[in-house]
Peer 1: 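Have a look at the structure that comes next, please.
Chain letters run A, B, ... following the sequence lines, proteins first, then strands; residues in each count from 1.
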Amino acid sequence: MRGFITKKATILIPWTHPTLNLRHPTLESFVWNNLIRSTTLQPPLSIYLRMRRHAVVPDLHTFPFLLPSLTHLPLAHSLHAHTFLFGLHTHPFTQTSLIAMYSSCGCLNSARQVFDEITLPDTPSYTAVIHAYCKGGMVDIARRMFDQMTDKNVLSYSCMINGYVKCGEHAAALGLFRNLLALEGSGAGSEIKPNEFTFSAVLSACAKLGALQHGKWVHAYIGRCGMRIDVVLGTALIDMYGKCGDVERARCVFDEIGRDEKDVMAWSAMICAFAMHGRTEECLEMFGRMVDDGVSPNAVTFVGILCACVHGGLVREGDEFFKRMVTEYSVRPLIQHYGCMVDLYGRAGRIDDAWNVVKSMPMEPDVMIWGALLSGARMHGDIETCEVSIKKLLELDPSNSGAYVLLSNVNAKLGRWREVRHLRELMEARGIKKVPGCSLVEIDGVLHEFFVGDDSHPETQDIYRMLDEIMKRLKRQGYVGDTSEVLLDLDEEGKESALSLHSEKLAIAYCFLKTGPGTTIRIVKNLRICKDCHVAIKMMSREFNREIIVRDCNRFHHFKNGVCSCKDYW
DNA sequence: CTAGGGTTAG
């Protein structure tokens, strides 16, 4: 209630009118709702507050747009109270947007509470709560709720598939997509047509996995649906082809997008694709064309450009781009950009310059920065810098297995096997698991995963026999295992056999078994490729006349005729 | 037809 004074008496004007049907829209609320919805100028909340200051009563159209725009929990709670105040808390549209609101605030508990109070949750409210769980990383709970739903539609499927992708469960995402398509074949009138959102989530899963065959199939499927490939879908396709090792196709998709349709993201995706593949000249040429077309590069574009300079060893150019990024394009450097610069100088052996970058950055150096400094220092044998960066790495993140591995590598390189052993004990004591090397290949549309020393594959005997044969042939050609990067404190022979069991070698052996001569082999690895495998695969590509494309966690290696596209610089 | 659930690059 609020009151104001007249000459005769205090008249109380109800804040809300008790006899009015509050849910019923009025001309006034209609106008305010549209103001709230207008995306220009004021944020929805401030317009809502003005609406309230004018004592206009919200109706059932007011909250659905307003609530999900809130990201601050205390505000969310008070607006939740408003829905009660106006008796709208039982309205299905409002309830769903309450869930979406708590999801935007990252408050899973409240989101779930609202959901549980709905007597008969419908598809949107289910989807909203599923989204909330996916966003919070609880994809298994999300899936359980998804399975409870009786009326699933494109949105609920897309949301669930996207949730899997966001939580890193890419194979599950593809699996669910297949379920979705199977509905179509099963008849029962229950077919759900995937849309642009579904496809971009699925393409993202293919990209992360490096599953080229799946990705190509999805591309073809999109075409068969008669769906136009717009910038968003085009960008997803460019990204997928780039990350699956097929830059040529990425380029084709890129060229198909209309000239005036191409935005920063489309250009950046193409630039990053060239960068990952070490195709530095084309990458820089793209940048030039982009600028000529009047599209302003952003932070992501420059991550790609600087990466390209790192992979191409173009120190001077990288230097210049970094400066131009700030002066010419007013892009404020992010920590990734500084990381690229440390990498750029470090690899080129200019450790002092790398140090200067670390010292001059405006933010606290993170694990990536020290990791980059460490690998540069290690490459050029700067032991002092190695030690410092290692200490920093472990200080920042004592549970980072990567740090221990790098540290072990350095110690191994120095022959400090006692230190290596000590570290392994430390890792065990602290319960830190080393991330196992893992390689993925796709054969006839089936994904096969191999871990280091894996013997769980049904055809494991044949694989090892094949690998043995391959290695024998390489040895006849003068191959000697390079054990300098092996972690384990073993005798020479032991080290060499540990090397030959690296997951990429197993995966390649499997490809030799399963694919015809001359077929390109594509491997996706979760870690950085080691020196020994690099040498071995170069030789394989010549000896067996095979193109072998390996994606490691950092970039692509195209092996052909005994040479690698990275020019042994990675 | 004033209304709810989800979007592409690092």
Side-chain angles (χ1 to χ4, degrees), chain A residues 23 25-38 58-69 88 91-101 103-104 111 114-115 118 121-132 134-135 142 145-146 149 151-163 165-166 194-204 207 229-240 242-243 250 253-254 257 262-273 275-276 297-307 334-337 339-340 368:
Chain A
R23 298 179 182 209
T26 63
L27 188 59
E28 266 198 309
S29 63
F30 170 86
V31 172
W32 281 102
N33 291 341
N34 279 302
L35 287 175
I36 290 172
R37 283 206 71 198
S38 81
D59 63 34
L60 68 172
H61 294 285
T62 309
F63 290 110
F65 190 84
L66 170 67
L67 296 183
S69 74
L88 288 161
H91 189 269
F93 281 63
T94 305
Q95 284 170 322
T96 300
S97 47
L98 279 168
I99 297 171
M101 171 184 76
S103 174
S104 323
V114 174
F115 179 80
I118 302 171
D122 58 4
T123 310
S125 56
Y126 256 114
T127 310
V129 82
I130 285 168
H131 173 73
C134 289
K135 205 180 152 214
M145 310 211 64
F146 179 80
M149 292 176 71
D151 286 315
K152 303 186 184 79
N153 63 13
V154 216
L155 262 86
S156 38
Y157 265 95
S158 305
C159 180
M160 194 62 233
I161 291 171
N162 195 40
V165 176
K166 289 280 139 67
N195 63 18
E196 286 88 341
F197 302 123
T198 330
F199 287 128
S200 54
V202 172
L203 286 172
S204 171
I229 292 172
D230 62 355
V231 227
V232 178
L233 217 44
T235 304
L237 281 167
I238 293 166
D239 184 53
M240 181 278 290
K243 288 189 176 134
V253 175
F254 180 79
I257 302 173
K262 288 189 183 100
D263 61 1
V264 217
M265 297 189 213
W267 283 101
S268 302
M270 195 63 237
I271 284 171
C272 290
M276 277 188 291
N298 65 13
V300 180
T301 322
F302 280 105
V303 170
I305 292 290
L306 294 177
C307 271
L334 301 174
I335 199 150
Q336 286 110 307
H337 300 113
C340 288
M368 296 302 291

Peer 1: Residues in ring pair (Phe, Tyr, Trp, His ring centres under 6.0 Å) with A/Phe115, at least two apart?
Peer 2: A/Tyr126
Peer 1: Using a 4.0 Å heavy-atom cut-off to protein, can you give one letter per nucleotide of nucleotides 3-10 of chain B, 5' to 3': B if the base is in contact, S if only the sugar-phosphate is, - if neither?
Peer 2: BBBBBBBB
Peer 1: With sugar-phosphate meaning primed atoms plus P, OP1 and OP2, does A/Asn33 contact a base, only sugar-phosphate, or nothing at under 4.0 Å between heavy atoms?
Peer 2: base
Peer 1: Which residues pass the side chain to side chain contact (heavy atoms under 4.5 Å, CB included) test with A/His337, not counting sequence neighbours?
Peer 2: A/Ala299, A/Phe302, A/Val303, A/Leu306, A/Phe322, A/Met325, A/Pro333, A/Leu334
Peer 1: Among all residues two or more places apart in sequence or in another chain, which pass the ring pair (Phe, Tyr, Trp, His ring centres under 6.0 Å) test with A/Phe146?
Peer 2: A/Tyr157
Peer 1: Got a sec, which residues hit side-chain hydrogen bond (donor to acceptor under 3.5 Å, both in side chains) with A/Ser29, two or more places apart in sequence or on another chain?
Peer 2: A/Thr26, A/Asp59
Peer 1: Could I get the full list of side-chain hydrogen bond (donor to acceptor under 3.5 Å, both in side chains) partners for A/Asp239, not counting sequence neighbours?
Peer 2: A/Lys243
